[in-house]
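Below is one structure, written out as structure tokens; the observations come after it.
Counting starts at 1 for both ligands and their atoms, following the listed order.
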Amino acid sequence: MYIGAHVSTAGGVERAPENARAIGANAFALFLKNQRRWFDKPYPPERVRRFKENLKRLGFSPEYILPHAGYLINLCSPDGEKAKKSFLALKDEVERAHLLGLKYINFHPGAHLNRYSEGEALKIIAERVNEIIDQTEGVVLVLETTAGQGSNLGYRFEHLAEIIERVEDKSRIGVCIDTCHIFAAGYDISTEGGYIKTFEQFEEIVGFEYLKGVHLNDSKTPLGSRKDRHAPLGEGYIGLTPFRLMVNDDRFRSVPLILETPEPERWREEIELLRGFQKANKGEVFEDKGFKPPFGV
Ligand code: ZN
Ligand code: MN
Ligand code: MN
């Protein structure tokens with residue numbers, strides 16, 4: 001299993017691999033530029049060279065790195081100027097990922113701000129994605145599931161399926177499941193039965209061939225609350241059940257599993273907890289009886 005977290009790039013993108021290594025990760029996420037600004041300076045060539053060198057030296061493979069696009073992007077913004085900026089900003093993120101030798105860029109589908117119907121907005125998003133794919137190369141655009149806060153789309157698997165359906169080059173579109181977001185959107189993964197049912201639906205509606213990553217978060221707010229509030233694993237309304245199941249589920253074996261939990265100083269322990277679950281189910285080393293989770297469950 002490829003497990004990591006969304007690590008800091010303070011000091012430059014080339015620092016991310018070391019930050020991931022420091023928490024015992026073999027996968028990671030990062031921002032490719034300041035996530036709260038529309039645009040940023042291009043990378044100096046030296047920075048790109050050091051990023052690639054650090055990946056290689058520390059043994060990270062691009063398949064398990066899932067960069068996250070900036071927060072301002074809204075491909076279906078009803079505001080003409082913001083729509084234009086969103087298009088250019090996401091295109092720039094794709095180009096940055098490509099320059100760094102990465103394969104994916106994760107982004108939130110968009111919010112219609114009550115100016116479009118959901119159907120119209122999904123169509124606009126797909127059109128913009130097609131244009132970006134046409135004007136760039138090599139990188140898969142990864143749609144993240146959302147909690148459905150406000151008018152955000154992506155809170156039903158059908159939304160993602162609808163966008164994928166309209167994208168011409170299917171080799172360049174993918175999805176990322178965020179456990180907090182889907183739970184807040186109403187998919188009850190907190191029990192084994194609910195986990196089985198949710199991922200059966202995902203397979204039927206979207207298909208695991210499109211899965212490029214998972215964000216691992218517990219939720220501070222209840223099932224169906226449509227709020228996006230991450231909690232440390234086991235400390236929210238979801239609990240540990242789906243995480244225990246996921247790290248032993250072959251459908252998640254070849255994608256990066258990325259913590260976005262709120263306390264970075266605990267990521268190392270959270271990764272160890274997940275690794276422990278893996279061994280537990282395989283009957284190796286670890287014995288359930290004496291096990292004490294590193295934090296309250
Ligand atoms: Zn996100
Ligand atoms: Mn997320
Ligand atoms: Mn979130």
Side-chain angles (χ1 to χ4, degrees), residues 2-9 16 20 25 27-37 64-76 86 89-90 93-94 96-97 102 104-111 125 129 139-157 159-160 163 173-187 189 198 202 206 210-233 235-238 242-243 246 252 255-264 267 270-271 274:
Y2 293 88
I3 307 173
H6 186 130
V7 295
S8 167
T9 49
F28 66 90
L30 74 166
F31 291 119
L32 301 182
K33 50 174 264 300
N34 185 322
Q35 72 275 22
R36 289 186 183 83
R37 292 209 192 130
Y64 309 112
I65 301 169
L66 185 62
H68 198 298
Y71 289 142
L72 299 175
I73 294 170
N74 178 10
L75 285 186
C76 61
S86 294
L90 186 57
E93 300 262 11
V94 170
R96 284 173 189 271
L102 300 179
Y104 305 120
I105 185 76
N106 175 71
F107 68 106
H108 300 175
I125 294 165
V129 166
V139 172
V140 177
L141 280 78
V142 179
L143 301 158
E144 182 173 347
T145 56
T146 70
Q149 195 161 321
S151 65
N152 273 291
L153 292 160
Y155 63 89
R156 301 292 310 164
F157 295 151
H159 296 169
L160 308 180
I163 297 170
I173 189 79
V175 304
C176 167
I177 292 172
D178 184 307
T179 55
C180 165
H181 298 176
I182 63 171
F183 179 79
Y187 294 96
I189 51 169
T198 297
F202 179 78
V206 176
Y210 287 106
L211 185 72
K212 305 302 173 193
V214 178
H215 290 166
L216 303 173
N217 301 302
D218 205 329
S219 175
K220 276 187 188 158
T221 59
L223 179 70
S225 58
R226 303 275 293 261
K227 288 206 176 88
D228 182 358
R229 302 272 185 281
H230 302 184
L233 301 188
E235 294 189 10
Y237 282 87
I238 298 178
F243 304 109
M246 192 175 278
F252 296 95
V255 298
L257 307 177
I258 305 293
L259 293 160
E260 289 179 327
T261 47
E263 295 174 39
W267 284 341
E270 289 181 296
I271 291 170
L274 293 163

Whether N74 side chain and A111 backbone form a donor-acceptor pair below 3.5 Å
yes

Check whether any N, O or S atom of D228 sits under 2.8 Å from the Mn ion (ligand 3).
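Under 2.8 Å: D228 contacts the Mn ion (ligand 3) through an N, O or S atom.
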
Backbone or side-chain N/O/S of C180 under 2.8 Å of the Mn ion (ligand 3)
no

Let me check your reading of the structure: within less than 2.8 Å of the Zn ion (ligand 1), is there an N/O/S atom from [X]?
| X | answer |
| --- | --- |
| E144 | yes |
| H108 | yes |
| H181 | no |

May I ask you to check whether H215 brings an N, O or S atom to under 2.8 Å from the Mn ion (ligand 2)?
yes

Determine whether the aromatic ring centres of Y71 and F31 lie less than 6.0 Å apart.
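Yes - the distance between ring centres of Y71 and F31 falls below the 6.0 Å cut-off.
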
Any chance the rings of Y187 and F157 have centres within less than 6.0 Å?
yes

Angular separation of E144 OE2 and D178 OD2 about the Mn ion (ligand 2), given to 10°:
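Here the angle at the metal atom is close to 90°, to 10°.
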
Of all N, O or S atoms in E260, identify the one at the shortest distance from the Mn ion (ligand 2).
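Sorting the N, O and S atoms of E260 by distance to the Mn ion (ligand 2) puts OE1 first.
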
Run V140 and I105 through side-chain contact (heavy atoms from CB on, under 4.5 Å) and show every step you take.
CA-CA 6 Å; V140 177; I105 185 76; over 6 Å; no

Answer with yes or no whether the side chains of Q35 and H68 bring together a donor and an acceptor at under 3.5 Å.
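No, no side-chain donor-acceptor contact under 3.5 Å.
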
Give a yes-or-no answer on whether the side chains of N106 and E144 include a donor-acceptor pair shorter than 3.5 Å.
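The criterion, which ignores hydrogens and geometry beyond distance, is satisfied for E144 and N106.
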
Look at the rings of H181 and H108 and say which category their plane angle falls in: under 30° parallel, 30 to 60° tilted, over 60° perpendicular.
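Ring orientation, 0 to 90° scale: perpendicular.
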
Given the Mn ion (ligand 3) as the apex, I'd like the angle to NE2 of H230 and NE2 of H181, rounded to 10 degrees.
100°

